[in-house]
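Just follow the structure's listing: the first ligand is 1, and inside any ligand the first atom is 1.
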Amino acid sequence: MLGLWRKIHRTGRVAEPAPPPPGGDRSPAAAALGGSVQVRHVDAGSCNGCEVEIGSAFGPVYDAERYGARLVASPRHADALLVTGPVTRNMTEPLRRTYDAVPGPKLVVAVGDCARNCGAFAGAYGVTGAVSDVLPVDVEITGCPPRPEAIVEGLRKLTGR
Ligand code: SF4
């Protein structure tokens, strides 16, 4: 126990310093969240590169939770969907059903270039389209994969913190 305490004391805080709050007006749905957002992640056909960066965004260094964003296990507990990848044919209906399970007002964040415009998978036979072809998208996060800072910034647009 003493060894653990010493290690914590030696290491100190590892989180990046908080950048200034995001500018711009928030959508009425985001404003209704009251400063926190419960997020359900859906992989609609990603290569998993975006998932690695989402893991970093919620890890101790980038620490998205300090801005009020939290990952939850069920869409029924979520305010927003965090969707990665192009929407594949097999995931089109599950994605729609997951969206239907989220209580309103609900938001959708398209994470990564594949989610925004199919990216490297554009025109592939198994792809239905971008996330916006299936669901209304509120926030888009660019990059392949997007950096954790960009994911945190996108989530801060929802919480306003
Ligand atoms: S945006 Fe890049 S990292 Fe993310 S799913 Fe597409 S190819 Fe993979």
Nearest heavy-atom neighbours spanning P148 and S56: CG-CB, 3.7 Å

Any side-chain heavy-atom pair of Q38 and R70 under 4.5 Å: yes

Fellow cluster residues of L4, listed by chain then number, with links counted only when side-chain atoms sit under 4.5 Å apart: I8

Every N, O or S from the protein that is nearer than 2.8 Å to atom 2 (Fe) of ligand 1: C144 SG

Side-chain cluster (under 4.5 Å, hydrophobic types only) that Y125 belongs to, other residues: none

Remaining members of the apolar cluster that contains L155, side-chain heavy atoms under 4.5 Å: L33, V37, V39, I54, F58, L71, L82, L107, V109, V111, V139, I141, I151, L158

Between T159 and S36: side-chain donor-acceptor atoms closer than 3.5 Å: no

